[in-house]
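Inspection log for the structure reproduced underneath, given as structure tokens.
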Number of protein chains: 2
Amino acid sequence: MRRTKTVDKFLTKFDKELKSGMISLILLFMIDRARDPMYGYQIIREIKEKTDGNLEFKEGTIYPILRNLEARGLLKSVWDTKGERPRKYYQITKDGKSALSHAIDDWETFSGVIKDLISRDGGEGGP
Amino acid sequence: MRRTKTVDKFLTKFDKELKSGMISLILLFMIDRARDPMYGYQIIREIKEKTDGNLEFKEGTIYPILRNLEARGLLKSVWDTKGERPRKYYQITKDGKSALSHAIDDWETFSGVIKDLISRDGGEGGP
DNA sequence: TCACAACACATAGAACCTCTATGTATTGTG
DNA sequence: CACAATACATAGAGGTTCTATGTGTTGTGA
């Protein structure tokens with residue numbers, strides 16, 4: 001199947017939207033599963049690492065979202081200024097845990113709906 | 001697990017973002033798989049129907065996106081003014097088919113990455 | 001005949017989002 | 001000394017869907 005500029009542009013947009021819809025879930029998830037509190041820069045690297053480079057976010061993307069999640073009460077943060085560098089460590093709250101759990105359920109329902117839809121007639125479609 | 005207002009707000013936003021990232025794919029998909037060209041109002045109803053009410057879009061959402069997909073060259077449209085009502089029928093183009101096929105691949109890769117990530121330690125997490 | 005729902009498309013403006021680009025400052029490295 | 005990596009921050013651009021509203025037609029029930 002040919003992949004013209006038109007098609008590429010669409011796919012770039014599509015991938016971007018897929019990613020962006022999931023950022024919050026991924027952030028909550030990473031912070032929840034880590035044994036110790038995490039800081040922003042670290043999260044960025046670990047997402048990249050754990051997804052084998054499939055998912056990569058910039059600082060300008062992540063920091064505002066972490067602040068947003070904190071403002072919503074799903075995360076809480078503490079500054080550590082005693083270490084080698086000042087770092088802002090995030091932990092998940094009770095509401096955060098609840099939101100994460102429900103969001104994962106929603107994700108599973110949603111991806112199931114999409115899967116059913118696109119596999120209804122066996123995928124790749126018409127001649 | 002309690003579900004506070006805070007949590008509900010987050011989930012509403014989350015669900016909305018999930019949905020919106022997939023609209024284009026769903027529209028291309030529906031139009032591609034239909035035997036005959038489809039018109040906007042019909043697409044809205046069929047999405048609702050085929051997903052058992054899980055996915056529902058408003059006219060104000062769908063029409064601009066159909067136009068956008070046409071402007072990008074992934075759909076083409078024809079007005080039918082001879083029937084009982086004037087309707088704008090959409091068909092998928094070659095680029096549209098290509099974009100759809102790649103987008104489905106991307107979706108499968110992406111949902112796989114997320115699935116791996118969130119099932120790495122067996123789901124729900126925490127004590 | 002009248003009122004109202006459903007059909008069918010259209011669009012302006014609001015509200016929201018992430019990303020680009022840039023800035024600050026410190027620490028390690030060649 | 002210059003530069004890369006670490007670490008956080010934010011303004012502004014650019015993009016998106018959704019809300020709300022408008023137009024007009026057809027069908028339906030009282």
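Every chain is numbered from 1, with letters handed out A, B, ... down the list of sequences. Below, each value reflects all heavy atoms present in this structure, side chains not excepted, and no hydrogens, waters or symmetry copies.
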Separation of [X] atom [atom1] from [N] atom [atom2], in whole Å?
| X | N | atom1 | atom2 | result |
| --- | --- | --- | --- | --- |
| A:M22 | C:dT18 | CE | C1' | 16 Å |
| B:F57 | D:dA20 | CZ | P | 18 Å |
| A:Y89 | D:dC8 | OH | C1' | 13 Å |
| A:K58 | D:dT6 | NZ | P | 15 Å |
| A:F10 | D:dG15 | CZ | C1' | 15 Å |
| B:R87 | C:dA10 | CZ | P | 14 Å |
| B:K9 | C:dC17 | NZ | P | 12 Å |
| A:E59 | D:dT6 | CD | P | 10 Å |

By nearest heavy atom, map A:S20 and A:R85 onto DNA chain C; which one lands nearer the 5' end?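 Per heavy-atom nearest nucleotide, the more 5' residue is A:S20.
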
Ignoring backbone atoms, test whether [X] places a side-chain nitrogen or oxygen under 4.0 Å from the OP1 or OP2 oxygen of [N].
| X | N | answer |
| --- | --- | --- |
| B:R67 | C:dT11 | yes |
| A:Y63 | D:dT10 | no |
| A:K88 | D:dA9 | yes |
| B:T61 | D:dT17 | no |

Quick check: do [X] and [Y] have side-chain heavy atoms less than 4.5 Å from each other?
| X | Y | answer |
| --- | --- | --- |
| A:K13 | B:S24 | yes |
| A:M38 | A:E46 | yes |
| A:Y89 | A:S77 | no |

5' precedence on DNA chain D between A:W79 and B:P86 (nearest-nucleotide basis):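 The 5'-side residue here is A:W79.
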
DNA chain D nearest-nucleotide lookup for B:I62 and A:K16: closer to the 5′ end is A:K16

**Q.** Within 45° cone and under 6.0 Å: A:K19 NZ/CZ vs A:F57 ring
**A.** yes

Please enumerate all residues that pass salt bridge (Lys or Arg N to Asp or Glu O under 4.0 Å) together with A:K48, with sequence neighbours excluded.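 In terms of salt bridge (Lys or Arg N to Asp or Glu O under 4.0 Å), with neighbours along the sequence ignored, A:K48 is linked to A:E56.
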
**Report entry** Five-pair end axes of the helix from C:dT1-D:dA30 to C:dG30-D:dC1 and the angle they enclose, rounded to 10°
**Finding:**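 It works out to 10° between the end axes.
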
Between C:dT20, C:dC9, C:dT26, which one does the side chain of B:Y39 approach most closely?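 Looking only at side-chain atoms, B:Y39 lies closest to C:dC9.
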
Practice item. Enumerate the residues from residues 40-48 of chain B whose closest heavy atom to DNA chain C is under 4.0 Å, giving them by residue number; use none for an empty result. Key: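 Those residues whose heavy atoms fall under 4.0 Å from DNA chain C, taken from residues 40-48 of chain B in numerical order, are B:G40, B:Y41, B:R45.
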
